[in-house]
Number of protein chains: 2
Amino acid sequence: MAGVSVATVSRVLNKPTVVSKATRENVERAIETLKFVPSSSARAINSGRTRLVGALIPTLDHAIFSRFIDAMEVQLDASGLSLIVATTGYDADRELDKTKRLLNIGVEGLIVSGIARADGFQELVERHQVPVIATSCFEPDHGIPSIGYDNFQVGKDAVDHLRSLGHSNIAILSGPIADNDRTRGRLSGALTAGEAVQTVLEAELSFSSAAETSRKILTETPNVTAFLCLSDVLAQGALLYLSKIGVQVPRDISVIGIDDLPSSASFNPPLTSIHLPVVDMGKEAAAAITQWIEADIEPSSKKLEAEIRDRGSTIQV
Amino acid sequence: MAGVSVATVSRVLNKPTVVSKATRENVERAIETLKFVPSSSARAINSGRTRLVGALIPTLDHAIFSRFIDAMEVQLDASGLSLIVATTGYDADRELDKTKRLLNIGVEGLIVSGIARADGFQELVERHQVPVIATSCFEPDHGIPSIGYDNFQVGKDAVDHLRSLGHSNIAILSGPIADNDRTRGRLSGALTAGEAVQTVLEAELSFSSAAETSRKILTETPNVTAFLCLSDVLAQGALLYLSKIGVQVPRDISVIGIDDLPSSASFNPPLTSIHLPVVDMGKEAAAAITQWIEADIEPSSKKLEAEIRDRGSTIQV
DNA sequence: ACAGTGTTTGAAACTAGTTACATGAGTCAA
DNA sequence: TTGACTCATGTAACTAGTTTCAAACACTGT
């Protein structure tokens with residue numbers, strides 16, 4: 001329609017300066033009238049680039065992951081990369097399926113949660129030669145770079161805080177442990193308190209499950225003076241349950257969480273929690289994978305510091 | 001390496017039955033040793049398909065959207081479609097930028113929130129000829145199909161509930177209204193109560209902002225007997241604040257929310273809320289865009305019923 | 001023995017672009 | 001006037017596959 005070759009159209013689209021003004025305007029007019037849109041696939045086939053990054057996360061239905069993904073998406077966007085989200089439902093096999101899917105789509109990098117992978121994952125990634133970064137954990141000796149906090153340390157920090165306040169009858173409220181090395185790490189850290197841990201119970205990551213499990217703890221081990229909840233969702237659920245049945249926090253029972261959700265500071269009482277820098281983690285992970293993809297600079301593992309936010313829900317025993 | 005033409009390799013990959021067993025195994029062996037991976041872009045260029053769907057949402061940092069996205073992702077996955085998430089931060093211009101990005105990537109469909117779009121959006125999608133479905137609203141007369149609840153009705157249902165309990169001094173706690181036609185719709189519905197609405201205040205979607213705004217309401221209009229919160233986050237924040245300052249809900253003040261987050265049923269007291277079927281909405285929207293993409297069947301707008309969950313936080317005045 | 005049929009396979013055209021190279025026109029100084 | 005040079009543009013090769021068509025071959029029935 002513009003009476004030029006496809007090469008010239010390509011130039012108008014990519015290096016408009018090398019085309020004479022007259023032809024450029026001709027082509028632009030034709031593009032406008034024809035509502036021409038260049039095919040992304042055809043461009044990708046030439047550049048060998050898709051500018052897509054895949055994120056494999058357990059679920060979005062949990063504030064901690066959605067804030068992380070949100071931060072990643074914003075950071076990647078700044079480098080012209082787009083994020084494909086794939087949820088695995090804490091299931092290692094589903095993670096493997098989704099990994100295949102993402103690699104088939106042609107993602108140029110993968111972000112995963114934790115360090116444990118299903119058999120075959122490593123081979124898949126090697127075959128596609130795609131950068132992988134693990135997050136939500138810090139495991140420098142596992143082959144793939146990890147950017148995150150040390151879950152063992154986090155669990156230990158939480159229990160140490162309780163011990164420093166004199167608690168020696170602690171109940172641990174854990175999230176699901178299956179296919180979840182992050183929670184397992186936290187639990188190991190918490191169990192360094194040894195005898196001081198009276199009981200460990202597993203709950204779903206919901207207020208109702210936290211309430212039910214709190215009830216169980218109080219029935220089975222009524223002498224506990226502190227709840228250590230491995231996620232803030234559980235701690236918030238426990239706080240609500242304890243308040244409902246008239247147990248006063250922290251007077252009767254201290255409660256500490258891990259995550260430090262933004263909402264935790266506004267609870268009654270404000271929840272003491274180990275702050276996990278998930279927003280920073282999202283930014284750092286996104287920046288690292290960008291560097292790796294664009295400049296082939298493999299990042300080294302990076303430990304992000306988690307620190308306690310001592311609020312009103314824990315007290316000297 | 002297998003001593004065959006590329007055509008035969010292509011056949012082994014796509015229609016293995018038409019290739020003789022001997023050559024097939026030869027090719028498969030070569031694929032294995034070479035760790036050959038077919039290029040997704042080259043495939044896409046032939047099929048004209050990317051199997052990608054884009055979702056434009058205000059933020060993931062809000063349970064209501066992340067649950068919606070989670071449900072969509074699961075449903076799309078079942079049809080072999082993948083989801084690219086783009087967040088707009090409630091900003092119409094950023095939404096337009098992200099739309100361009102998604103269309104350049106080659107998404108085959110778009111899911112958007114609400115019906116109001118920046119200038120130029122319509123032209124962009126028409127140019128790319130991509131199906132678009134609006135969610136979180138029901139606006140059958142706006143050109144693009146919408147799958148969601150009627151925000152006006154939802155706001156009206158909430159205020160009608162309060163009125164039916166005899167409340168005639170109602171405070172409305174709204175979320176941000178800028179670039180958010182969903183909240184505006186709810187507010188219009190709530191304002192049908194006319195004189196009964198004493199005050200309308202806008203808050204950020206956080207517990208702390210909800211607390212601060214609740215404080216303001218009690219100072220400025222101490223005679224209110226009910227809080228109508230246009231999001232559960234605000235209602236939960238209000239509940240926590242009121243409890244902290246010793247105001248009893250529902251004895252002193254009734255509180256009703258909109259969203260019905262899973263956590264709301266476990267609050268103290270359990271929060272009365274208008275249940276919004278976001279998980280169903282995610283599934284329905286995903287199924288509809290799949291049908292549209294795969295079979296060119298344009299869906300008609302669908303209204304999903306929102307219904308009140310009458311719990312303990314509202315009472316006869 | 002020969003025609004008809006079915007099975008495999010490769011050659012070549014095709015998808016929609018990018019890019020190296022060549023060509024032709026126009027400008028300018030020797 | 002001519003050689004040197006720049007500028008703009010087309011030609012054709014190239015990206016990595018899919019698909020159509022035709023050819024080669026084996027097998028069957030007459």
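Per chain, numbering begins at 1; letters A, B, ... match sequence-line order.
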* To do: Any chance you could lay out the side-chain contact (heavy atoms from CB on, under 4.5 Å) test for A:Leu103 and A:Leu110, step after step, and finish with the verdict?
  => CA-CA 9 Å; A:Leu103 292 171; A:Leu110 279 178; 4.3 Å; yes
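In this structure, A:Gly3 reaches the sugar-phosphate backbone alone: every heavy-atom distance under 4.0 Å involves primed, P, OP1 or OP2 atoms, never a base. Using a 4.0 Å heavy-atom cutoff across all strands shown, B:Val37 reaches sugar-phosphate atoms only and no base atom. Using a 4.0 Å heavy-atom criterion, one finds that B:Ser20 contacts the sugar-phosphate atoms exclusively. If you check every strand for non-hydrogen atoms under 4.0 Å, B:Ser47 touches nothing. Within 4.0 Å (heavy atoms only), B:Ser41 reaches no atom of the nucleic acid at all. Looking at heavy-atom distances under 4.0 Å, A:Ser5 makes contact with a base. Counting any heavy atom pair closer than 4.0 Å across all strands shown, A:Val9 reaches no nucleic acid atom.
Comparing B:Ile45 and B:Val6 by the nucleotide of DNA chain C whose heavy atom lies nearest to each, the residue mapping closer to the 5' end is B:Val6. Residues B:Val4 and B:Asn46 both approach DNA chain C. Their nearest nucleotides, taken by heavy-atom distance, put B:Val4 toward the 5′ side.
Between the side chain of B:Arg11 and the base of D:dT20, a donor-acceptor pair under 3.5 Å is found.
Of all the heavy atoms in A:Ala134 and A:Gly114, the pair that sits closest is CB-O, 3.5 Å.
Put simply, the side chain of B:Arg186 never gets that close to the backbone of B:Asp150: no donor and acceptor are under 3.5 Å apart. For the pair B:Ser47 (side chain) and B:Arg49 (backbone), a donor-acceptor distance under 3.5 Å is present.
With D:dT9, D:dT18, D:dC14 as the choices, the nucleotide that has an atom nearest any side-chain atom of A:Val19 turns out to be D:dT9.
Taking a heavy-atom distance under 4.0 Å as the criterion, the stretch of DNA chain C touched by chain B extends 5' to 3' from C:dT8 to C:dA16.
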